[in-house]
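Only a predicted model underlies this, so the values are computations on that prediction, with no experimental measurement involved. The basis for the numbers below is simple: all heavy atoms, side chains too, and nothing from hydrogens, waters or symmetry mates.
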Amino acid sequence: MSELLAKSEPQTTLKKHIDDGLRIWKHLKHAFPKSNSLTTNRFWDLLRIVIIFHDLGKGHSEFQKILKGDEENKWFKQRHELFSVPFVSALPLNDDEKFLVERVVVGHHKTYSFLIEKKISPNYPKGCTDYSDEFSLVDKQAVFKILECYEDFGLAEINLENPRKIIRKYLKEKDDGNIQNYLTTLLLLGAFKHCDHMASAYIEKLNHLENSSFDFLQKMRIELQGKGFDFYEHQVSVSRKIGNIILTAPTGSGKTETALLWLKNQMEKVGQGRVFYTLPFTASINAMFKRLSDQVDGFGKDKVGMLHGKLTAFLYDYFQDESSIRKRKEEIDTVRNQFKTLETPLKVVTPFQLLKHIFGLKGFEKGIFEWTGGYFICDEIHAYDASVFAQIKVLLKFLSEKMNASIFIMTATLPTFIKEHLKEAIGDFEEVQASQKLYMNFDRHQVILKEGILKANIDLIKKDLEAGEKVLVVCNTVEQAQDVFSELSDFSSILIHGGFNGRDRNDKEKQLSEQEPHLLIGTQAIEVSLDIDYDKIYTEPAPLDALIQRFGRVNRKREKGICKCIVFTKRNEKDEYIYRQSLIDRTIEALEQINLNNQGIIKEQELQKFIDDVYPCFDEKSQEKFDSTFNALTFSVQNNLIPFEHSRDREEDFYAQFDGIKVVPVSLESEYKELLNKFNFIGAELLKVQIRKNMFGRWVSEGILQRVICVLPHSNHDENPIEINYYVLSKKYNSKLGLRKHEDDNRAFDEERML
């Protein structure tokens, strides 16, 4: 009797596939010890049974022919998992446990709606007779031989009842809004999918954060003590606390290390759990990933992953030393898949990588299981608009109330009304604040209000540069930043904003990490993402919290005494849609008060009052957005987050909030096509620039954007050609300035390739 197969390429026996799944199962038991307390104390036993039984239906003789490459078969595209169910029916389990196992086995590949519509109702595909006849073709002797390798399951008589009953019962519970053992079902399915998918990928083990993983923190403390310093009071305090924390401390006071000290204590006292470090922007995530994955001063590369929308572009640059495109692509695929699985115990992510699971996108059960008993570190939580913040509040409530998660929120300045929302979301918590003594030591900025607009005062900037000062200039719009950069072209400088393609943005960030120029000009992108340290800043008016973030890039290490932060009182007419005028007015009033009270010296301990003056609450429009988003998503999580089912409508709702479309500037099109012809699709994608949806529609109607088809021969000559669709934009672009939205590039479109 030949062994049953589970996979065809490469050929893998069913016994080996089960063993691979059980190896992952052992790692999950260690990584998620709180699963039993959330579900049933038999959670891990039931998961083991699902792993052993889920693919037994592959013992069908016609399915085995397919796996062995026999084109002469009578399988008729049936679902093998349906033929696993009779073996489950013979297990000596109580009804609740048997329902759980049956449901996961039946639904681990296809949705229940698909199964009932396409595979069960009204009958099996043409060529099949009935379920019992088809089940008779399963090699039961071979299946029982496999089961004997694990234990005596004490199987009773096999029940050949059609799986239609299981599916219809579950769908009725779904329609009634009362799924039995809901959370256990969801987590059991998610845990099983992790085991199944990682077994199919032949992953050998999962990495974990152990006590020794945090040794670099003790090394850091010893180095500080050797210089006559120590950890700050708030760091020592937090390192001893258990449970949710909201930390308020000045920028530059070691908030990241504080969070990691908290994490170390949670893992020692509470137990294992996966860790998610959330940040709002790609650049800050990239920087934090590099920091935390450092082999000496971090956890090491095996312990840290990251997820964001531009991950592939980051990895393309990360593996730039690979000699061939093929080798680089292999490295990218390997690391990206590693980050997506449970291999890395700590992930640096955007909130959207978490939020997509409570929207119920495909695979959400895996994502939610990964949160079980997890640790969530939330940084820069001030950076989101009302709608996204409402989603984050729903997420935090779900994590706290349903997933036994622990949450650490850290901030330098946060409006009190926002903090109240966070307190509501996370339930029990402790609030920790840096000491008043520390706040006094963090006085480092003096605000100087200047009448007029920034662009009319370029000579002031030139004078400082000529005196040898390192100057930061921040504008509110890309166009304004470009104009200022052009006027200061005589000085060595770098321009950073959102109008660059991925390749040029990566190059600029690399230049900054290697050596900061004496002049850096940019937009809001500078506020939140770059670890830089300048002597002075000139900035257009912006809301107070944004200005504080900008000021944080000046005198970052507090080694320069008090540094000047020049804020212009008048707005450029083109930035009226960036910030509400009422916010700007209240901010200018706050800065005037700081000038009056403290001669412009910003007292860190007084900032909270001024932040609350500027942000007493959401404005009316933002409050409406917050309320509608929070109520709708709360309802959806309570009523529409259904295991085994995902909704295309909810996917559309989730992705609709991302306002950007990527296009190819006409000046880069020839290079773009050259990269496509070399099958360097990632390199080609990095040449694209993101534009807003409303701009996209307008430019298409004006003929400034043209849709193009590029047809490439497949590398396998027997396959059909590859068809690539993209849009070409006839606006000027160069690597120094980026996209010039108001300057046409008059190169002619190629009429032969336009659609």
First locate atom [atom1] of [X], then atom [atom2] of [Y], and finally report the distance between them rounded to the nearest 0.5 Å.
| X | Y | atom1 | atom2 | answer |
| --- | --- | --- | --- | --- |
| K462 | L465 | NZ | CG | 10.0 Å |
| T523 | R550 | OG1 | CZ | 8.5 Å |
| F214 | E210 | CZ | CD | 9.5 Å |
| T278 | Q353 | OG1 | CD | 12.0 Å |

Could you tell me whether the side chains of [X] and [Y] share a donor-acceptor contact shorter than 3.5 Å?
| X | Y | value |
| --- | --- | --- |
| T248 | K419 | yes |
| N476 | Y579 | no |
| Y277 | T256 | yes |
| Q623 | D627 | yes |
| N286 | E509 | no |

(message) Before you tell me yes or no, could you show the steps for F442 and T251 under side chain to side chain contact (heavy atoms under 4.5 Å, CB included), namely the whole-Å CA-CA distance, both residues' side-chain angles and the distance that decides it to 0.1 Å?
(response) CA-CA 9 Å; F442 268 75; T251 301; over 6 Å; no
Could you tell me whether a side-chain N or O of [X] sits under 3.5 Å from a main-chain N or O of [Y], the two making a donor and an acceptor?
| X | Y | value |
| --- | --- | --- |
| E516 | D533 | yes |
| D294 | D297 | yes |
| Q266 | W262 | yes |

(request) With sequence neighbours excluded, tell me which residues meet side chain to side chain contact (heavy atoms under 4.5 Å, CB included) with D612. (result) P415, T416, Q608
(message) side chain to side chain contact (heavy atoms under 4.5 Å, CB included) for Y538 and K450? Distances and angles first, verdict last.
(response) CA-CA 10 Å; Y538 289 87; K450 279 278 185 187; over 6 Å; no
(request) Check side chain to side chain donor-acceptor pair (under 3.5 Å) between D535 and all other residues, then give those that pass, not counting sequence neighbours. (result) K560
(request) Give the ring-plane orientation class for F618 versus H421, where under 30° counts as parallel, over 60° as perpendicular and anything between as tilted. (result) tilted
(message) Test side chain to side chain contact (heavy atoms under 4.5 Å, CB included) on F352 and Q657; report intermediate values, then the result.
(response) CA-CA 10 Å; F352 296 106; Q657 61 192 315; 3.9 Å; yes
